[in-house]
Every structure is written in C-alpha cells, then in structure tokens.
Amino acid sequence: MVGAGASSLVLEVRNLAAARGLRLLFEGVSFEVASGESLELRGPNGSGKSTLLRILAGLTRPQAGTVKLVGPEDANGLHYLGHLDAVKPAETAGEQAQFWARYFGREPAVAKAAMKRVGLASRGAVPGRGLSAGQKRRLALTRLLIEPRPLWLLDEPTAALDSEGRDLVAQLVAEHRASGGMVIAAVHGDGFASSRVLDLSTLKAKA
Amino acid sequence: MAVMSFFANPHRFMAASKWPAWIFTALGVALVAFGVWRGLLAPEDHQQDERARMMFVHVPAMWLSLFAYAFMVGASLISFVWRHAIADVAAKSAAPIGAVFTAIGLMTGSIWGYTTWGTWWEWGDARLVSVLVLFFIYLGYIAVWQAMETPQKAARAASILCLVGAVNIPIIHFSVEWFAVLHQQSTFMTTDDKATAEFKIPMYISALGYLALFGGLTLMNMRAEIMRTRAEMLLQRRQAAD
Amino acid sequence: MSGSFAVFARELKLAWSGGGGAALPVGFFAAAASMTPFAVGSDTIALQTAGPGVIWIALALSSLLPMERLFQADLEDGTLDAYASSGVGMEGIALAKTLAHWIATGIPLALVSPILWIMLQGAPEASGLVAGAALVGSLAFFFFGSIGAALAAGMRRGGLLIALVTLPLYVPTMIFGAATLDAAASGGDWLGPLMLTGSAALFGIATSPFGAAMALRTAID
Amino acid sequence: MPSVDTDYSAYVNATYLIALGALAAALVWSAFRLLRARRKLDEAENPASDPHGDAEP
C-alpha cells in the first residue's frame, strides 16, 4: 500500500510546546515514531490532543519545538483527518471521491475502489448533505486510501462510526502499519493493537 | 521568541521602556509647544501671508502619518519573519497614533485648501487624496486587530494587511496623481517651495516634536498592551489551575 | 499542480450550481446601478455624467459581495485543512478558487454592464468597450478582494471588514476603469485607461494569491 | 479664490485647535489606557484581596 522506501521513515518531535490563545497547553513534548508504529494520544478534552495533531500536520504553528519527518520519502507525506470530514453538501459522495482522486493525480478507478473498501459503494449518488455522520466519516477515510502516504494523523477516527466502522478503521490502521506506514491518533476508549500511548494529561503545562 | 514566553516575563522591555516613554512624550509636548508659539504667537515681522502659519501643524502631520505607517511596516516585517511578539505590540500600538496624525493632516489640509482654492476638499491634490486612502488602510488595520479571537492570529492577519497596504500605497499615489492630471484640476499644493527658510527651521522643530510625541505615545500604548495581555494570561492560568 | 486544477474545476462547478451562481451579485449590480436616476435625476445629461462612475462603483461592490463566502465554506467544513495538509501550495488553491469564482460571477457581471450603461443613457456603440472594461475591472476587483476574503475567513463576521480592508486596494482600478468609460462616452482615447485597468488587474492576479495564502494559513492556524 | 487680504486668523486658529486637540486627546487616551492596564495587572499579579482569585478582573 505504501511507497517502497517508507520502511526506514522516522517522525522526530523535539520539545514541542503549544498554546490556545494565551493559555499554554503543553510543553517539552518529545517523541519519535518509526515505520510500522502507531502512537495513541490520550487525555481529557482540552488537553491539546487535536492541537498536537494539527501541529504535526503543519496546520498550526507551535510555540516552540520542531517536527521532522526523516527518511527517503518526500517530507510532507502525510494525511490529516480532523474532526471535520471535508464533505461538500452539494456534491455527491462519488463525485467527491473522484475529486480527491483528481486532486492527488490518481486514476478514477482508485476512487471507486476506495469507496467500495469503506462500504460506500452503493452510496455513490447520494449528495453530501444526504449522508449520515458515520457515512461522512467513511467518505473522509477514502482520502487515506486514494493517495498512499506514510504518516496518518487521525483525530478521533472512530467518532460517529458504528461497531462495523470501528473494525474498518482498526483494519485500515493495521494494514497501513504492516506496509511500513505510521499512525498517530487521538483516541478515547479502546485504541489499536500494540501501539504506544502518549497521555497529554500527565504533561500538564507547567505554570 | 515565542509569544507565550514574552508575555510571561516582559520585564526586560518594561524596564527599558519606562523612562523613555515619559521623556519622549515630555520632549514632544515641549517641541510642539515651541512650534505653536513660533507659528501662532510670534509677531508678524514681514508681509508673509498669514495662511502659511498653518504649515506648522499641517505638514508635520502629513509627514508623521507616513512615518507611522513605515514604522508599522517595519514592525510587521519583523513580526512576520522573526515572529517576535514585541513587534506585533509595537505595530498595534503605533496604528492609532498614526491614524490620529493622518486625521490631523487631512483636517488641517482641508482648511488650508479652503483658504487657498476655495473648496473644503480638493480631489485634484494627489497628496491629500492618497493620505485619505492611507487613512482608510489605518482604519482597516485597527479593525483587523479587534476582529480576531486570539492575539497571535490577530497579529498575523494585521501584519499581512499592513504589508499588502504598503505595496499598494505607491500605486494608489500614482493613480491619484494620474487622476488629477486627467481631470485638469489644480494640483499645486506648494507648501515647501513657498515656505521661506526661516519658516522651515521651526517647521522641522515642530515635526521633531510630533515625532517625539509619536515615540512617547506608542511606547505608552505598548506598555499598556503588554500589561493587559499579561494580566489576561495570569487570569486564564489561574482559572485553569482552579 | 494537479491539485490546483482539480480545485479549480470543483470550484467552478460548485460556484455555478450551488447558491444560484451569479444571480445574486448580478441582481445587486443591476439594482445598485438603477438607483442612479432616483439619486441624480433622470435627465440625460445628469445620467451620462454620473453613469460611468456609478456603474464602476456598483461593479466593485457587487464583486465584493460574493467574496465573504469564497473561503469561509471550505474553512468551516474542514476542506481547507485537507488542502493545507496535503502539501499543495495554498497560493495555487487561492488562485484557483478566485479565478473560478470570477468566471462564475465576474463574467456575468461584465456581460450585464452594457445593458446598465445603455439604461443610463450611455452611447450604445460603446457597449463593447463597457463590457471589455468591466471584464478587466472585475478581474482586478475579484483578486484584490480575495485577500480581504482570506483575512475575513478567520473571523466571526468578517463581511464588513472585507470592504474596509479591500476598498483602498480598489482605488487604482476604480480610477482607470471609470476613466475608460469617460473616454468612451466623450469619444476620447479609451485605450490608455483600458491598458492601465489591465495592468491593475494583472498586478492583482500576480500578487493577491500570495497575500491570500498567507492570510489563509493564519485562518487555519 | 478668496482674496489675499481677508483675515484668515480664524482658519489658522482652527487648524491649531484641531491639531493640538487631537494630540491632547491621544495623550490623555494613552495615559488612561496605561492606568487601566496597570490596575488590571496589579490585580492579576497579587490577588491578595481574594484568596481564591475568583474576583472579576
């Protein structure tokens, strides 16, 4: 699934600090994630899990610290799946998958396969506003499959999903790790098999 | 240096800026007072047209409106490149002072225009009109600071607007000048050449007074801004701790 | 680059279908211009002098109208996060979105302008020039407006702020555009002002995407 | 064009009034803001008046 050179990839994070407005969320956060590993971010709401993911995705600027993806693959090989599913109400589910295929310069067939893999094959003609929260989340998951990228950043990926959906996410993560990919996910409740945990509540921002 | 750590201990700047703020302000008041005395009260020693007296207040204001914006552009560049919080505070504090100078320049220019061309507003005068557009850019800049939630986002958006404005000011000036030519309106505003030498010296002094006032008031606003942000930070931290 | 082209195609489709496409801005443009006779008086001379200017003011304001939604929708549903984290340059995305919205809304505005020109007692033979100038002018208005739109995307009610921030940037285009119509009405040299309007538009296209991209990164932060 | 010898002192005085008034207003406004900020900071830094720090700023 993932590019051949992905096996020797490492994400290096060095004493990261982040703030929301004027309040420091966390500081001195350092860790490394290598190919095949997955890291679960845990902690109560507001402890900065989403902010940390957004920093790793390059969306939010940290107060301090560095994030480096070391390896042969080009630097920004990542997918970020936030709380929002980036689903357009006016476009149909099939059109949106096709859009992302064109966006990443992939064949339309890849989009169709991804729709089938997430269980939306029969929902292609349904417009975005007609999809349930779970279906929107599955549509967002197709982006991970359409364009293979080593680093997955998932913000509560199983939110709004039924048990079958949660199994799907677990499977996708397992396959991704098996092929040398890396996953960092903010989770509540059960996480993924044999993955490390970073509990942000223990790193309470020092006063 | 990250925004957080600056507001956490801004002591170095606060200590350094304590006296200069008052000194500049006092110096500014003194020099402006001299300018007023020289311009208004000095005995009319020769057949110089009375209207030239307005130059002591109008010309320095126009200079300062541009100087203040240049200061803000410099601060925005530093904030944008080195992301130093002090630069954002400087730009945010200078904006209202710059806007006041621009307003003074426009109002006194309009009165001067009435006594010279008989109209309260001369669209043919490229300098006056482009300063009017500059005034709107000032208002937009100040509005952006109010509109954003967090200080960091507001700072970034404001510095972008300031730099975009700076790129457009020369273009606006050129197009207004071209507009004046097209509409064949009188475009002269001969403040400099008409003012004789012994007028220029006091005018420069009065301009220095404006500059000192700009420095003093901006520093005062910066100190106020830092104190208020630090207070909010301490309050938030204490609420978080409870 | 494939990313920006895909976004361009998607925006064009969405701008055209969703939200009635150009109907609202064109309606506003016509309504604003038609207010002139009530304000200036309906005799031909008054309308001919005020006409060109009013058409350009109305064109600027109706170009400003759709700006608020240019980036807001994508920011709110997470699409902007997906674009920004995918490594495709935000400059290309801003250019693609602005161009698509210009085609969907700017061109209809330009096509309607001759009708308003004739309604305001403008010389019918100058209609082609009026449409051409409006085409170039709306291009400048859209691109300068995109910076304001990107700045306002990160705010709660950014609409009015877009106008305050963007209108100073419209001054050059306004001057040259209205001058083009003046020349057209008085039969003078309209090529000069038209070229200047074109230069304003090209300047807008060349610089605005960078300003908008910086502002978008701030809005996403 | 108003003729040269009419008395402009009223206009000259008006420009000075506007300039000095605006500068004075800016000075007072800055000083007042500084005062309010200092009071807010003092209260935030040492909330002696209320041990649990829950007083409104």
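Chain letters run A, B, ... following the sequence lines, proteins first, then strands; residues in each count from 1.
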Response to the item:
C:D81 and A:L59 have their tightest heavy-atom pair at O-CD2, 3.7 Å
Fill in: C:L160 atom CG, over 12 foreign heavy atoms within 6.0 Å
no
Show every donor-acceptor pair shorter than 3.5 Å between a side-chain atom in residues 202-215 of chain C and any protein atom, with sequence neighbours excluded, or say none if there are none.
from   : atom 1 : to     : atom 2 : distance (Å)
C:T207 : OG1    : C:F203 : O      : 2.8
C:S208 : OG     : C:F143 : O      : 3.1
C:S208 : OG     : C:G204 : O      : 2.7

Worksheet item: If you round to the nearest 0.5 Å, how far is OG of C:S85 from CG of A:L151?
Response: 10.5 Å
Fill in: From CA spacing to verdict: side chain to side chain contact (heavy atoms under 4.5 Å, CB included), C:K13, A:E91
CA-CA 9 Å; C:K13 192 155 57 65; A:E91 275 184 344; 3.2 Å; yes
Item to complete: If a pair satisfies ring-ring contact (aromatic ring centres under 6.0 Å, His included) and one of its residues is in residues 64-86 of chain C, list it, with sequence neighbours excluded.
Response: A:W100-C:Y83, A:Y103-C:Y83
Worksheet, complete the sentence: Of all heavy-atom pairs linking C:E76 and A:L84, the shortest is O-CD1, 3.3 Å
Practice prompt. With a 4.5 angstrom heavy-atom cut-off, could you sort out which part of A:R54 is near chain C: side chain, backbone, both or neither?
Written response: side chain
Worksheet item: Using non-hydrogen atoms only, which part of A:E95 is less than 4.5 Å away from chain C: side chain, backbone, both, or neither?
Response: side chain
Worksheet item: Does CD in A:E12 sit with more than 12 non-hydrogen atoms of other residues, nucleotides or ligands closer than 6.0 Å?
Response: yes
Practice prompt. Quick one: pull up CD in A:Q96 and OG1 in C:T79 and give me the separation to the nearest 0.5 Å.
Written response: 8.0 Å
Worksheet item: With a 4.5 angstrom heavy-atom cut-off, which part of C:L75 approaches chain A: side chain, backbone, both or neither?
Response: backbone
Worksheet item: Which atom names give the shortest non-hydrogen contact between C:L14 and A:K88, and what distance separates them?
Response: CD1-CD, 4.0 Å
